[in-house]
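Comments concern the structure below.
Throughout, protein chains are lettered first and strands after them, A, B, ... in sequence-line order, and every chain is numbered starting at 1.
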There are 2 protein chains.
Amino acid sequence: MGRKRTKSGKIRLAEVAELAGVSPITASRFFRNPEALSVAKRTRVESAAKELGYVPNLAARALASQRTEVIGVLIPSLTNNVFSDVLRGIYDASEGSRYSIQLSNTRYSILQEEKLLRLFLAQKPAGLIVTGIDQTAESRAMLQAADCPIVQIMEIGPDPVDMMIGFSHYDAARAAIAHLFEQGHRKVGFVGARMDPRVQRRLDGYVSAMKDAGSFDQRLVVTTATPTSVTLGGALFTDLLAREPDMDAVFCANDDLALGVLFECRRREIAVPGQIAIVGFNDLEFMASAVPTLTSVRTNRYEMGKTAATMLINAIEGRRPEQPVLDLGFKVIERQSSSARRSDSRPAVSGAAAANKMIALPSSHD
Amino acid sequence: MGRKRTKSGKIRLAEVAELAGVSPITASRFFRNPEALSVAKRTRVESAAKELGYVPNLAARALASQRTEVIGVLIPSLTNNVFSDVLRGIYDASEGSRYSIQLSNTRYSILQEEKLLRLFLAQKPAGLIVTGIDQTAESRAMLQAADCPIVQIMEIGPDPVDMMIGFSHYDAARAAIAHLFEQGHRKVGFVGARMDPRVQRRLDGYVSAMKDAGSFDQRLVVTTATPTSVTLGGALFTDLLAREPDMDAVFCANDDLALGVLFECRRREIAVPGQIAIVGFNDLEFMASAVPTLTSVRTNRYEMGKTAATMLINAIEGRRPEQPVLDLGFKVIERQSSSARRSDSRPAVSGAAAANKMIALPSSHD
DNA sequence: AGGAACGTTGACAGCGCTACCAGCAACGAC
DNA sequence: GTCGTTGCTGGTAGCGCTGTCAACGTTCCT
């Protein structure tokens with residue numbers, strides 16, 4: 001009679017159905033919507049599947065149902081600590097769900113992102129997580145037209161494609177500068193690398209805060225398109241110092257740069273924070289154990305990833321969030337590297353405390 | 001007459017074939033083995049596909065061909081810098097190929113690994129990359145039985161399941177200790193965290209080198225199962241110092257710990273390398289710009305990932321490597337933190353120079 | 001009692017592609 | 001001229017699953 005097994009010896013749904021004494025379609029329903037079955041059949045199918053060690057064939061399912069159970073994730077870098085934390089959150093949230101993660105690296109290129117997006121969309125993903133809010137017009141059009149939920153992560157801005165979760169890099173930078181002013185620092189330099197859109201917005205925040213205080217000077221800003229590194233932090237700081245020897249603080253666009261600045265100060269025997277205060281961005285783990293401990297702006301990267309994936313999965317399954325845009329905030333973590341310069345410290349940038357917003361979430365490390 | 005388009009408006013192979021004036025099967029062949037077509041048909045299909053913007057339906061292909069074009073990758077951690085470098089190599093190598101990467105995180109649990117392996121294998125991956133050589137018996141049996149190429153990465157050992165690419169953590173640790181002895185250090189402590197199999201083998205290498213020199217003392221070893229961090233490095237070093245105040249060097253199982261030790265030394269005003277020498281492991285980027293610069297054992301992580309994926313893809317396509325086991329070696333990068341203690345330095349551990357092996361490969365950073 | 005409404009189940013017909021094998025032309029060997 | 005042999009092409013028949021819709025039994029309402 002008919003074959004009982006697929007060529008490869010794999011168990012098919014039909015075998016499970018036969019053992020359970022139901023039709024294949026009923027068995028199929030068990031895996032997709034168990035509540036639709038009577039309790040009796042449900043248990044029968046369940047034990048039959050377990051007995052045979054049945055594993056659904058995802059390709060067949062995808063072909064028949066015209067959709068996949070794949071969540072596409074587009075991030076700019078695999079190396080950057082920031083993204084590995086986000087990714088960990090995404091993977092953690094997807095675990096236990098039926099969805100699997102398909103990851104691609106845009107290498108900070110929106111053209112590459114557009115290409116990958118086209119590829120992803122052609123396979124009808126269940127949902128999509130994309131980084132940032134600066135897509136090409138073409139990408140944006142594809143995202144708008146996509147018939148799956150989409151979450152933009154890492155920052156927040158006007159008109160989300162669908163959902164959005166992140167924080168304001170602009171406000172975060174302003175808060176960092178406000179903190180430095182509160183501590184009595186006035187001539188604050190900016191060191192930035194890679195200059196992706198988020199770093200650019202941190203620079204914008206720095207510029208606006210400095211202008212508010214009447215202290216802005218283009219010569220205080222050193223940036224490069226080169227990928228960030230600790231060594232680069234030292235090199236950029238060296239440039240800055242040559243230009244502005246009487247600078248009294250540096251705001252670094254990320255913690256690697258900050259660590260490089262710290263090392264460079266040590267090399268040059270510049271006292272931190274005595275002569276130069278340092279503030280980083282992201283609050284990576286090492287910032288708290290450096291000597292001196294380094295002030296940084298803490299961001300909820302793991303939570304961002306985890307929440308993004310959770311929201312996305314909920315949306316895929318029809319449970320859309322009340323609020324499509326979620327601001328996870330940030331917090332200036334004040335440490336030794338930026339402590340008070342003099343006693344007459346008074347805020348020169350307004351709204352410092354108010355800009356310091358952070359939703360309480362448990363931090364989790366691998 | 002029949003439908004010209006799929007419901008979703010997507011272009012199918014049939015449309016391409018029709019436009020090209022060939023049968024669907026010929027069009028299909030074009031995408032899998034263009035050489036099998038006559039030049040005339042090949043160009044006809046090619047331009048038809050381009051004109052229609054055809055994208056193959058991977059689910060249908062997988063269902064019909066009974067195999068997927070997915071490479072499964074199992075790694076223990078998404079956060080660890082070491083794995084992000086390896087991953088970058090894997091993704092870089094897969095780019096441009098027809099294969100996509102399916103990543104899963106075992107969280108350093110071989111039981112979790114076994115579970116994921118079962119899941120992966122059920123979907124018939126084109127190939128598999130697994131971390132390390134310590135699988136459960138069950139996992140090993142599944143891997144042996146799998147009908148796809150497999151690469152084990154991160155270390156090398158006896159009986160590979162299939163292919164293997166990595167280096168000897170044992171030898172690398174021995175080389176690090178040998179270097180310290182050459183520089184005149186004698187009482188060398190060991191600081192390790194997480195204690196996964198590879199860290200354990202580094203410890204074994206340390207122990208054997210210390211025993212060879214007649215200097216081994218269990219009290220010089222401090223380890224913990226806790227995940228690694230910079231802060232932890234400082235804490236473990238503090239323990240070690242309390243136990244053995246006259247220790248003159250520390251070998252750290254990774255660079256984060258080494259950085260923590262450096263900061264702790266600074267905090268306690270212990271001169272490095274004057275009073276304590278420090279050697280790390282992995283040679284992360286910051287090691288070269290710390291003050292003092294930190295000695296470390298360089299490993300070819302990016303190349304390991306890239307080569308593993310390349311070998312795997314070649315094997316999938318029938319081009320098996322002459323050598324299934326590839327040793328990528330390591331190199332002790334000597335820096336200030338371990339420079340000579342006295343002038344009468346002489347090797348106390350043999351084979352120091354010989355153990356220092358490294359295949360010349362271009363290092364690439366993101 | 002009749003019928004609407006609901007919950008549960010099954011039959012059928014593909015999803016878009018490729019494995020398999022057959023067919024056909026062109027060519028050379030005998 | 002016959003018979004392979006090779007190179008290319010096409011027809012047929014699924015791959016394993018699910019969408020759709022119809023059918024059934026039961027309950028509840030009027």
Exercise. Take the protein atom CD of B/Glu35 and the nucleotide atom P of D/dT9, then report the distance between them rounded to whole Å.
Key: 13 Å
Exercise. Starting from C1' on D/dC15, measure out to CZ on A/Arg12 and report it in whole angstrom.
Key: 9 Å
Self-check item: Nearest-angstrom distance from the residue atom CD of B/Gln66 to C1' of D/dA13
Solution: 14 Å
Exercise. Please work out if B/Tyr54 contacts a base, only the sugar-phosphate, or nothing of the nucleic acid, heavy-atom cut-off 4.0 Å.
Key: sugar-phosphate
Quiz prompt | Test item: side-chain donor near acceptor, A/Thr310 and A/Thr307, under 3.5 Å | solution = no
Exercise. Taking A/Glu15 for its side chain and A/Ala48 for its backbone only, find out whether a donor-acceptor pair lies under 3.5 Å.
Key: no
Self-check item: Most 5' of A/Arg29 and A/Leu13 on DNA chain D, judged by nearest nucleotide
Solution: A/Leu13
Exercise. Check whether the side chains of B/Tyr108 and B/Glu113 place a donor and an acceptor atom closer than 3.5 Å, and report yes or no.
Key: no
Quiz item: Between A/Leu58 (CG) and D/dC17 (C1'), how many Å, whole number?
Solution: 11 Å
Quiz item: Which whole-number value in Å describes the distance from B/Gln123 CD to D/dC15 P?
Solution: 17 Å
Quiz item: Counting side-chain heavy atoms from CB outward, which of C/dT18, C/dT9, D/dG19 is closest to A/Thr26?
Solution: C/dT9
Exercise. Name the closest nucleotide to the B/Ala64 side chain, picking from C/dG10, D/dT9, C/dC17.
Key: C/dC17
Quiz item: What integer distance in Å separates A/Ile25:CD1 from D/dA22:P?
Solution: 15 Å
Exercise. Using whole Å, report how far CG of B/Asn57 lies from P of C/dC17.
Key: 6 Å
Quiz prompt | Backbone N/O of A/Pro197 and side chain of A/Asp134: donor-acceptor pair under 3.5 Å | solution = no
Quiz item: Can you tell me if the side-chain N/O atoms of B/Ser28 get under 4.0 Å from OP1 or OP2 in C/dC17?
Solution: no
Self-check item: Distance, rounded to the nearest Å, where B/Lys124 contributes NZ and C/dT18 contributes C1'
Solution: 15 Å
Quiz item: Roughly how far, to the nearest 0.5 Å, is CD1 of B/Ile129 from CD1 of B/Ile165?
Solution: 9.5 Å
Quiz item: What does A/Ala62 touch in the nucleic acid at a heavy-atom separation under 4.0 angstrom: a base, only the sugar-phosphate, or nothing?
Solution: nothing
Quiz prompt | B/Arg67 side-chain N/O to C/dA19 phosphate OP1/OP2 under 4.0 Å | solution = yes
Quiz item: What's the closest nucleotide to the A/Arg32 side chain, out of C/dA19, C/dC20, D/dT18?
Solution: D/dT18
Exercise. Among C/dC15, D/dC8, C/dA19, find the nucleotide with the atom closest to the side chain of B/Ser38.
Key: D/dC8
Self-check item: Listed nucleotide nearest any side-chain atom of B/Val22, set D/dC17, C/dC17, D/dG10
Solution: D/dG10
Quiz item: Does a side-chain N or O from A/Ser23 land closer than 4.0 Å to OP1 or OP2 of C/dG10, or not?
Solution: yes
